Number of protein chains: 2
Amino acid sequence: MEKTHGCIHEGEHHKGTQDKCVSLVPIFNHLEEGQMDEIMNTARSIIFQKGEMIYQAGEQSDALYLVNKGKIRIYRLSESGKEQLVRILRPGDFTGELALFNEGVHESYAEAMLETLVCVIKRTDLQKLLLKYPTISLKILSEFSNRLDQSEKQTTRFATEKVETRIAMFLAECIDAEKDSHEIVLPMSKKDLASYLGTTPETVSRKLADLEQDGLIKQKLHKKIEILDLDGLLLV
Amino acid sequence: MEKTHGCIHEGEHHKGTQDKCVSLVPIFNHLEEGQMDEIMNTARSIIFQKGEMIYQAGEQSDALYLVNKGKIRIYRLSESGKEQLVRILRPGDFTGELALFNEGVHESYAEAMLETLVCVIKRTDLQKLLLKYPTISLKILSEFSNRLDQSEKQTTRFATEKVETRIAMFLAECIDAEKDSHEIVLPMSKKDLASYLGTTPETVSRKLADLEQDGLIKQKLHKKIEILDLDGLLLV
DNA sequence: CGAAAGATTGAAGAATTTCAAACGGGGTGG
DNA sequence: CCACCCCGTTTGAAATTCTTCAATCTTTCG
């Protein structure tokens, strides 16, 4: 029986979209026109509806997924079955890589948060591309080392900081992303944020209230938060 | 003023040792004789005494370090200055890679735990090797994705499991390493273990006592622990 | 409009840290 | 070779942080 999957389009039929898809992704955007075409021809694009799974833990991995449009929730289950949100993918991000170079089995779950368009490159095609264009490997190595760094930093935060500090640091990083403005929009629900930060929705709610009480932030409608005192936030 | 550093030997003068050093490392051990020689000629070996730093956070990164003999403690400081032990390197492991492919600045600290021999490959030499032998990149990609997986799994554990469970899981993984025997030797002090697991030495001490009380383990001399009930341990 | 999911708040309880004190073992210098 | 000292370890008690459970409120979305 078929598992839930998205609607498939052959790459050749959507060169316009494909072009944008591949060139969006940092690991490919240094290549020349002809090389890009070659990659486009090995890729196909798939649309996933909200709630559909791109892959699940335990499944055989056989492709790299490049996000073209939409958002994807990557989460894990711990040995004892509790869920943790690992990251959210946006256009330009990619996933599936862990299993590609590993034993080939996914360790995490990837779920479309809304209608999402992804480009798919099959494992065998990717391996050929990597050997043919070694600079792609260097790009992926760079991306991996970034992610590894991020992941280790996150681990260190869990290991050494209390919840309120982790929340404050998260808010501060949102500021970096939306430069200039001191108003951020939470990129996820507070429930997901709690999962991402390794705590409960109740605690997130309370700690945000505390931060507001202390005059460091101001919560507004629609997940918007104004940062009143960034320096103070980082001292929490 | 010179910072603390190890004693330097030119690679050419130690072919015997070099050979062992490079071939020990999984990312190179698939290469042919001649290629191995080429790498050996670009590497040099350095000895660090106990307590010496191989590198520190904030320093410019310019080399890959392959551990030949000894042990290296990799740790991070959180934004608020608290230390966390990230991993311990043993012969065959390598480090320095994060900064190599990233912005070039170390995010962690590497300290020799005892007299330690490392092979060093300079950044520029490595880049050349990677472009010349694309299979090395694939090996490193594989190693990276393993580490990333490990790191994310660790993060998920911090996010979802309580201390006692994390300790139990750690012990269970030690069993995997020392197969057959049900007696493990803690690879580090309980103080370091606490740092690695994101807790305090007091809590480690207490939780181990609890596990012993419950008949799941038996603590012996010299960091040795006998696992009496592996299944029970994983249910904690 | 109404159901379902997310968010907030309070109160009780559990888990963990912190501080303090005492103990032990391994390594070093005499 | 022994004694001493330092550092890691253990244990206790108090304090803190966080979770859990339950009830209520709000928002979203069909």
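The model shown is predicted, which means the values in this text are computed figures rather than measured ones. Sequence lines set the chain letters: A, B, ... in the order given, protein chains first and strands last, and positions in each chain run from 1.
At a threshold of 4.0 Å, the pair A:R73-A:E83 counts as salt-bridged, since one of the basic side-chain nitrogens sits closer than that to a carboxylate oxygen.
The side chain of B:K162 places an N or O atom within less than 4.0 Å of a non-bridging phosphate oxygen (OP1 or OP2) of C:dA15. A:H222 has no side-chain polar atom (N or O) that falls below the 4.0 Å cut-off from OP1 or OP2 of D:dT27. Side-chain nitrogen and oxygen atoms of B:T199 include at least one within less than 4.0 Å of the OP1 or OP2 phosphate oxygen of C:dT17.
When heavy atoms are screened at a 4.0 angstrom cut-off, A:T203 is found touching base atoms of the nucleic acid. As judged by a 4.0 angstrom heavy-atom cut-off over every strand, B:K207 is placed among residues touching the sugar-phosphate backbone only.
The distance between atom CD of A:E164 and atom P of D:dC18, rounded to the nearest whole Å, is 8 Å. Taking atom CD on B:Q219 and atom P on C:dG24, their separation rounds to 15 Å, with Å as the unit. A:F158 has its CZ atom 16 Å from the C1' atom of D:dT17, to the nearest Å. To the nearest angstrom, P of C:dT8 lies 12 Å from CG of A:D210.
No side-chain donor from either of A:T156 and B:Y75 sits under 3.5 Å from a side-chain acceptor of the other. A:T155 and B:Q154 share no donor-acceptor pair across their side chains, judged by distance under 3.5 Å alone.
One can find a donor-acceptor pair under 3.5 Å joining the base of D:dT20 and the side-chain atoms of A:R206.
When distances run from any side-chain atom of A:K190 to the nucleotides D:dT9, D:dT11, C:dT8, the shortest one goes to C:dT8.
Using a 4.5 Å heavy-atom threshold, the side chains of B:L186 and B:F170 count as touching.
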